[in-house]
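Below: one structure, written as structure tokens.
Here the structure is a predicted model, which is why all the values come from computation and not from measurement.
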Amino acid sequence: MKSKGKFGKYGGMFVPETLMPALEELEAAFNKYRNDKKFNRELNELLKDYAGRPTPLYFAKKFSAVCGCRVYLKREDLLHGGAHKTNNGLGQGLLAKYMGKKRLIAETGAGQHGFATALVGAYFGIPTEIYMGVEDIRRQHMNVLRMLVCGAKINPVSTGTGTLKEAINDALRDWITNIETTYYVFGTVAGPHPYPTIVKHFQKIIGKEARRQILRAEGRLPDAVVACVGGGSNAMGIFDAFRNDASVRLIGVEPGGKGINTPYHGASLTKGREGVFQGSLSYVLQNKEGQIQDTYSISAGLDYPGIGPEHPHLRDIRRAEYTTITDKEALAAFRLLSEVEGIIPALESAHAIAYAIKLGKKMKKSDIMVINLSGRGDKDMDHACNALGIKG
């Protein structure tokens with residue numbers, strides 16, 4: 001059913017017939033429980049008492065001086081689990097419980113979604129398996145250990161580049177084989193309908209809080225909201241609350257890798273073109289023959305050749321704009337924010353920090369920028385410090 005779950009012309013359900021019953025069951029359950037009082041009361045209690053919401057909106061005074069405007073950080077790095085992924089993990093985990101599923105599976109790149117699913121599986125007492133590329137296992141060993149400690153099984157994926165794309169492929173194969181008992185906790189606003197809608201629904205709390213918090217702090221809306229974009233869930237989570245505010249620029253920052261004009265990047269929207277990939281029509285990095293290209297980013301969570309279908313729609317209607325940051329720029333921002341604020345960002349979030357430095361120099365001193373600090377950098381310490389030449 002290509003027409004379902006569309007954002008303009010993007011999205012839809014481009015999947016084998018064998019997967020349709022599972023997606024239809026998931027859509028029916030989501031529609032049943034999304035406004036259910038009992039479900040939402042339980043989810044809100046989990047978000048508050050277990051995950052630690054609301055997260056702060058922090059005025060970064062010293063970083064603001066660097067940027068040249070007033071900069072606030074939405075501190076998703078302080079959420080239990082260390083990133084925004086916990087919002088979606090709890091929402092989908094609770095949905096799996098209400099559906100009576102006996103097993104959870106998930107894909108992960110940076111390991112944050114894998115860990116979020118592992119901790120949710122532990123909380124609900126549901127056996128959990130995580131698919132993760134061997135390259136990402138190497139880069140994100142800390143998160144691998146955290147998943148294992150929570151009792152999850154890790155399934156290494158060695159095909160292709162051994163990164164997020166291949167992990168999703170293997171998770172989908174597992175789901176097709178075990179539809180009746182298994183819930184696939186998809187991690188971002190990509191994939192076939194209804195996943196882009198489900199994931200955004202559970203991440204919208206970021207923007208709702210940020211909007212309320214900035215109005216309380218400044219008495220007005222920000223001039224710009226900035227977030228990194230791989231699949232796009234943290235960006236969609238904060239963009240949605242400001243979507244109807246024309247005065248607020250929404251800016252997504254993609255991974256430029258070793259350079260946007262080299263093959264070594266993951267900027268799907270900036271450098272890709274329309275195509276069907278992993279269940280939906282969106283923008284994809286592909287060659288002239290339509291074969292999916294290998295991607296590269298120093299950030300495992302952004303190392304993905306596709307993007308959620310609502311993002312190209314927002315660009316087409318000129319409601320959001322997208323740009324890129326290289327590995328080198330992200331690493332410099334990683335170190336700068338750590339040194340001036342004592343806040344170590346995830347390498348994913350460091351892409352947004354790096355662009356904020358550029359953007360701030362074009363803004364007035366009184367202008368306000370909100371950055372979604374989507375995760376903390378504990379998981380990236382070995383990888384980032386090796387790249388920066390920092391030795392302990």
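Using a 4.5 Å heavy-atom cutoff, the side chains of V185 and H113 are in contact. Side-chain contact between K9 and D316: present, with at least one pair of heavy atoms (C-beta onward) separated by less than 4.5 Å. Side-chain atoms of L172 and I168, non-hydrogen and from C-beta on, do get closer than 4.5 Å to each other. The closest side-chain heavy-atom distance from H383 to L347 is below 4.5 Å. For the pair E42/L94, a side-chain contact is recorded, criterion being any heavy-atom separation below 4.5 Å from C-beta on. Taking the side chain as every heavy atom from C-beta outward, I317 and L314 approach each other to under 4.5 Å. Using a 4.5 Å heavy-atom cutoff, the side chains of Q293 and P305 are not in contact. Considering only heavy atoms from C-beta on, S374 stays 4.5 Å or farther from P345 through its side chain.
Criterion: ILVMFWY side-chain heavy atoms under 4.5 Å apart, direct or through other members. Under it, V71 and I353 are part of a common hydrophobic cluster. When hydrophobic clusters are built by joining Ile, Leu, Val, Met, Phe, Trp and Tyr residues whose side-chain heavy atoms come closer than 4.5 Å, directly or via intermediates, F334 is not grouped with L336. The hydrophobic cluster containing M13 also contains V284, counting ILVMFWY residues as joined when their side-chain heavy atoms lie under 4.5 angstrom apart, directly or transitively. One hydrophobic cluster holds both I325 and L359 under the rule that ILVMFWY side chains link at heavy-atom gaps under 4.5 Å. By the criterion of side-chain heavy atoms lying less than 4.5 angstrom apart, applied directly or through intervening Ile, Leu, Val, Met, Phe, Trp or Tyr residues, I105 is grouped together with L90 in one hydrophobic cluster.
A donor-acceptor contact under 3.5 angstrom links the side chains of E76 and T55, judged on distance only. Between the side chains of Q203 and N87, at least one donor-acceptor pair of N or O atoms lies under 3.5 Å.
More than 12 heavy atoms of other residues, nucleotides or ligands shown are found within 6.0 angstrom of CG on N386.
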Problem - side chain to side chain donor-acceptor pair (under 3.5 Å) between D327 and Y296, intermediate numbers included - result: CA-CA 10 Å; D327 289 353; Y296 171 80; 3.3 Å; yes

Exercise for the section: Show your reasoning for whether salt bridge (charged side-chain N to carboxylate O under 4.0 Å, His left out) applies to E348 and K379. Expected result: CA-CA 11 Å; E348 291 80 13; K379 67 184 179 62; 2.8 Å; yes

Practice task
Determine, step by step, whether Y184 and E107 satisfy the side chain to side chain donor-acceptor pair (under 3.5 Å) criterion, reporting the C-alpha distance in whole Å, the side-chain angles of both residues, the deciding distance to 0.1 Å, and the verdict.
Solution key: CA-CA 9 Å; Y184 181 9; E107 85 296 331; 2.8 Å; yes

Practice task
For K364 and D223, run salt bridge (charged side-chain N to carboxylate O under 4.0 Å, His left out): C-alpha distance rounded to whole Å, both residues' side-chain angles, the deciding distance at 0.1 Å, then the answer.
Solution key: CA-CA 10 Å; K364 295 182 292 186; D223 299 283; over 6 Å; no

Practice task
Might you work through the side chain to side chain donor-acceptor pair (under 3.5 Å) test for Y72 and Q213, ending with a clear yes or no?
Solution key: CA-CA 10 Å; Y72 286 81; Q213 290 165 326; over 6 Å; no

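Expressed to the nearest 0.5 Å, how far CE of M132 lies from OG1 of T108 amounts to 5.5 Å. With values rounded to the nearest 0.5 angstrom, I298 atom CD1 is found 8.0 Å from H351 atom NE2. Note that CZ of F30 and OH of Y195 are 12.0 Å apart. Values are rounded to the nearest 0.5 Å. Distance check: I206 CD1 to M236 CE gives 11.5 Å after rounding to the nearest 0.5 Å. Distance check, rounded to the nearest 0.5 Å: CZ of R70 to CG of D367 gives 11.0 Å.
Between the side chain of S233 and the backbone N or O of T188 there is no donor-acceptor pair closer than 3.5 Å. A donor-acceptor contact shorter than 3.5 Å links the side chain of S349 to the backbone of G375. With N372 contributing its side chain and I238 its backbone, the two residues share no donor-acceptor pair below 3.5 Å. A distance-only check finds a donor-acceptor pair linking the side chain of E166 to the backbone of T161 [under 3.5 Å]. Although no hydrogens or angles enter the test, the distance criterion places a donor-acceptor pair under 3.5 Å between the side chain of N234 and the main chain of C228. With hydrogens and angles disregarded, no donor-acceptor distance shorter than 3.5 Å links the side chain of R146 to the backbone of A116. Within the 3.5 Å criterion, the main-chain N or O of D36 finds a donor-acceptor partner in the side chain of N40. For the pair S282 (side chain) and I307 (backbone), a donor-acceptor distance under 3.5 Å is present. Without hydrogens or angle criteria, R103 side chain to T182 main chain gives no donor-acceptor distance under 3.5 Å. Under the 3.5 Å distance criterion, the side-chain polar atoms of K200 are left unmatched by any main-chain donor or acceptor of V189.
Relative orientation of the Y123 and Y50 rings is tilted, given thresholds of 30° and 60° on the angle between their planes. Ring planes of Y322 and H311: perpendicular class, angle over 60° (limits at 30 and 60°). Using cut-offs of 30° and 60° on the angle between ring planes, the pair H80 and F115 is perpendicular.
In this structure, K258 satisfies the cation-pi test against Y264, with its NZ or CZ atom closer than 6.0 Å to the six-membered ring centre and inside 45 degrees of the ring normal. Under a cutoff of 6.0 Å and an axis angle of 45°, R173 and Y131 do not form a cation-pi pair.
Taking the six-membered ring for Trp and the full ring otherwise, Y304 and F277 have centroids separated by under 6.0 Å.
Shown here for F242 and R319, the closest heavy-atom pair between the two residues is O-NH2, 3.0 Å. When all heavy atoms are compared, the tightest approach of A300 to D136 is CB-OD1, 3.5 Å.
With E209 as reference, K74 is the one residue of K74, K48, K204 to meet the salt bridge (charged side-chain N to carboxylate O under 4.0 Å, His left out) rule.
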